[in-house]
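The structure appears below as structure tokens.
Only a predicted model underlies this, so the values are computations on that prediction, with no experimental measurement involved.
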Amino acid sequence: MKSLLLLTAGILVLSGCAGAPPRGPAPPASPPAATGPGVAPRPGAAAAIPSEAAGPPFIRVLLSGGTSGVVLEGETIRAWGVDGTLAAEAAGRVTLAAVGERIRWNGSRLLGDALDVAGAPNLRVGSRKVAGRVRLLARRGELLAVAVEPFEAYVAAVVSREAPPRFQPEALAAMAVAVRTYAFGAAAKPRDPAYDVVAGVEDQVFDGMDGVAAVYREAADRTRGVVVRYRGELARTVYHSTCGGRTEDARSAWGKDVPYLRAQSCDDCADSPVYRWEYRMSEAEGRRVAGALGVPPGKDLRIAVAGRTPTGRASRIRVSSGGVSRELQAAEFRKVAGYAKVRSLKMEIVPVAGEWRFTGEGWGHGVGLCQFGANGMARRGAGFREILARYYPGTEIGGETP
């Protein structure tokens, strides 16, 4: 997954993703479990946001949601209920399912709506190995699995999925600071009362603790406590794989101006394997995308760029067929077409014999830190603070956690 020599195995590494537009309002959640005199705190119950946590901070990561079941694996698996008492125990493999607002354990016992689970010597949630505990919540027939991870272990694990191990130490250090700052800011304004961040590209890619090499742990340890601020507030340190020569303004990408997320010339990412890319969209795939976007596809289906940002990225896409035409945000089109196919909006679209040829530059939304650009700067001798100052101009890099 981390090898950039094998592109098909490196989608997450290349997709660079702290991502995204401003986080939306959180939906209602189950209330947190109570603790108090005579109630033993459960593993994982102390899941305060990092700025409020005593001792080593933790972060709550949504591993899976919107599914009816979760599979756990470990030599010994124990689950505690909301009252702090041991609710269930098993060895090897456990299947959990949501039944309304309750959790079914291994197809038999019906437990409460929330469980805190630990494994010895470790625990896997699906394919992910976790370092901490897991909170399981049943919501209207769906089961949420939330890992309560040691904060710096989470930072190292995210960097391991966002940058290849061959990156320069200073580039990895810059990434660790960006990941940490983003995570602290996200935990201060959680997506949901039950979790701070999700494990996918909506926030930062967290694929568990497998394969977190020493170089990533060293990057996190070396920069421990270092964050990026703008006028005293935590910066939104978004990043992407490759900008293709110029980063993008936050306003152009997401419609909101951010003073330190402005377009920057970047001539250091030219060695990225996705500095230039091409994708052939078949007729069948074009029809699927058009249908998903509300345009019934016919023989005359057309897909074209309808507007561009000042950096040359597509801002609007027009999809038309049979007298029906829809113009939409280019980011929406890219999401439906697939981030790994349409790798950036710095692109051209040319119809070719019933298909469409996409040619572009870079990978990701283009806002903030360019990961391959950071590595190029590090190769030229730049330190991680210089790298961060370039991609987040006007910010301050501080040495204390919030």
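- Among all heavy-atom pairs drawn from Gly364 and His240, the shortest one is CA-CB, 4.1 Å.
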**OP:** Show your reasoning for whether side-chain contact (heavy atoms from CB on, under 4.5 Å) applies to Arg133 and Val117.
**Re:** CA-CA 6 Å; Arg133 310 292 198 256; Val117 182; over 6 Å; no
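- No side-chain donor-acceptor contact under 3.5 Å links Asp113 to the backbone of Ala138.
- Note that OG of Ser160 is 10.0 Å distant from CE of Met175, once rounded to the nearest 0.5 Å.
- The side-chain heavy atoms of Val130 and Arg124, taken from C-beta on, include no pair separated by under 4.5 Å.
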**OP:** Check the pair Asp192, Arg60 against salt bridge (Lys or Arg N to Asp or Glu O under 4.0 Å), reporting the backbone distance first and the verdict last.
**Re:** CA-CA 10 Å; Asp192 187 288; Arg60 303 169 303 165; over 6 Å; no
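- Using a 4.5 Å heavy-atom threshold, the side chains of Gln371 and Glu162 count as touching.
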**OP:** Output, in order, the C-alpha distance, side-chain angles, deciding distance and verdict of side-chain contact (heavy atoms from CB on, under 4.5 Å) for Asp257 and Asp249.
**Re:** CA-CA 8 Å; Asp257 183 53; Asp249 277 327; over 6 Å; no
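- Of the options Arg217, Arg224, Arg180, a side-chain hydrogen bond (donor to acceptor under 3.5 Å, both in side chains) to Glu152 is made by Arg180 and by none of the others.
- Using a 4.0 Å cut-off between charged nitrogen and carboxylate oxygen, Glu361 and Arg246 do not count as a salt-bridge pair.
- Side-chain atoms of Glu278 do not come within 3.5 Å of backbone N or O of Phe358 as any donor-acceptor pair.
- Side-chain N or O atoms of His365 include one that pairs as donor or acceptor with a backbone N or O of Tyr239 at under 3.5 Å.
- When atom types are taken as modelled, the side chain of Asn375 and the backbone of Ala171 share no donor-acceptor pair closer than 3.5 angstrom.
- When all heavy atoms of Leu172 and Ala163 are compared, the pair lying nearest together is CD2-CB, 3.7 Å.
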Subject >> Phe167/Phe372 under ring pair (Phe, Tyr, Trp, His ring centres under 6.0 Å): CA gap, chis, key distance, verdict >> reply: CA-CA 9 Å; Phe167 263 27; Phe372 273 88; 5.1 Å; yes
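- Not one N or O on the side chain of Arg280 forms a donor-acceptor pair closer than 3.5 Å with the backbone of Trp356.
- At most 12 heavy atoms of other shown residues, nucleotides or ligands fall within 6.0 angstrom of atom CD in Glu233.
- At a threshold of 4.0 Å, the pair Arg288-Glu285 counts as salt-bridged, since one of the basic side-chain nitrogens sits closer than that to a carboxylate oxygen.
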Original post:
Between Arg231 and Glu396, is a salt bridge (Lys or Arg N to Asp or Glu O under 4.0 Å) present by the stated rule, with each step listed?
Top reply: CA-CA 8 Å; Arg231 296 184 177 179; Glu396 298 176 350; over 6 Å; no
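- Salt bridge present: Arg128 and Asp207 bring a charged side-chain N and a carboxylate O closer than 4.0 Å.
- Applying the side chain to side chain donor-acceptor pair (under 3.5 Å) criterion to Ser344, with sequence neighbours excluded, gives no partner residue.
- Residues Leu72 and Leu136 have side chains in contact (heavy-atom distance under 4.5 Å, counting atoms from C-beta outward).
- A donor-acceptor contact shorter than 3.5 Å is absent between the side chain of Thr247 and the backbone of Cys243.
- Across all non-hydrogen atoms, the minimal contact from Val70 to Ser64 is CG2-OG, 3.7 Å.
- A salt bridge links Asp271 with Arg379: the distance from a Lys NZ or Arg NE/NH1/NH2 to an Asp or Glu carboxylate oxygen falls below 4.0 Å.
- Of the inter-residue distances, the one linking Thr76 atom OG1 with Glu89 atom CD reads 6.5 Å to the nearest 0.5 angstrom.
- Scanning both residues, Ala176 and Val159, for their nearest heavy atoms gives CA-CG2, 3.7 Å.
- The main-chain N or O of Val274 is never found under 3.5 Å from a side-chain atom of Arg343 such that the two would form a donor-acceptor pair.
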Subject >> Derivation and outcome, side-chain contact (heavy atoms from CB on, under 4.5 Å), residues Met347 and Thr359 >> reply: CA-CA 5 Å; Met347 66 179 184; Thr359 56; over 6 Å; no
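- Remark: Arg302 CZ is loosely packed, at most 12 non-hydrogen atoms of other residues, nucleotides or ligands lying under 6.0 Å away.
- Taking 4.0 Å as the cut-off between side-chain N and carboxylate O, Asp116 and Arg78 do not count as a salt-bridged pair.
- Remark: Ala337 pairs with Met281, Val289, Phe333, Val342 by the side chain to side chain contact (heavy atoms under 4.5 Å, CB included) rule, at least two apart or across chains.
- Look at Glu170 and Arg222 and you find a salt bridge, because one of the NZ, NE, NH1 or NH2 atoms lies within 4.0 Å of a carboxylate O, short of that distance.
- Using a 30° and 60° split on the angle between ring planes, Tyr392 and Tyr260 fall in the perpendicular class, above 60°.
- Between Phe151 and Phe184, the distance separating the two ring centers is shorter than 6.0 angstrom.
- Without hydrogens or angle criteria, Arg102 side chain to Leu111 main chain gives a donor-acceptor distance under 3.5 Å.
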**OP:** Kindly determine whether Ser108 and Asn106 satisfy side-chain hydrogen bond (donor to acceptor under 3.5 Å, both in side chains), including the steps that lead there.
**Re:** CA-CA 6 Å; Ser108 56; Asn106 251 356; over 6 Å; no
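- Residue pairs satisfying the side chain to side chain donor-acceptor pair (under 3.5 Å) criterion with at least one member in residues 304-315, sequence neighbours excluded, are listed as follows: Glu248-Thr309, Glu248-Thr311, Arg308-Glu348, Thr309-Thr311, Thr311-Arg313.
- A donor-acceptor pair is defined here as one N or O able to donate and one able to accept, closer than 3.5 Å; no such pair exists between the side chain of Arg93 and the backbone of Glu73.
- Atoms NZ and CG, on Lys129 and Leu123 in that order, are 11.0 Å from each other to the nearest 0.5 Å.
- Taking the side chain to side chain donor-acceptor pair (under 3.5 Å) definition, one finds that Asp268 meets it with Arg380, Arg390, sequence neighbours left out.
- Residues satisfying the side chain to side chain donor-acceptor pair (under 3.5 Å) criterion with Gln168, sequence neighbours excluded, are absent altogether.
- In summary, of the residues considered (Thr237, Thr181, Thr395, Leu369), a side-chain contact (heavy atoms from CB on, under 4.5 Å) with Leu388 occurs for Leu369 alone.
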**OP:** Determine, stepwise, if the pair Leu143 / Leu96 fulfils side-chain contact (heavy atoms from CB on, under 4.5 Å).
**Re:** CA-CA 8 Å; Leu143 197 61; Leu96 302 176; 3.9 Å; yes
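- A donor-acceptor pair under 3.5 Å is formed between the side chain of Asp203 and the backbone N or O of Val198.
- Under the side chain to side chain donor-acceptor pair (under 3.5 Å) criterion, Arg357 pairs with no residue at all, not counting sequence neighbours.
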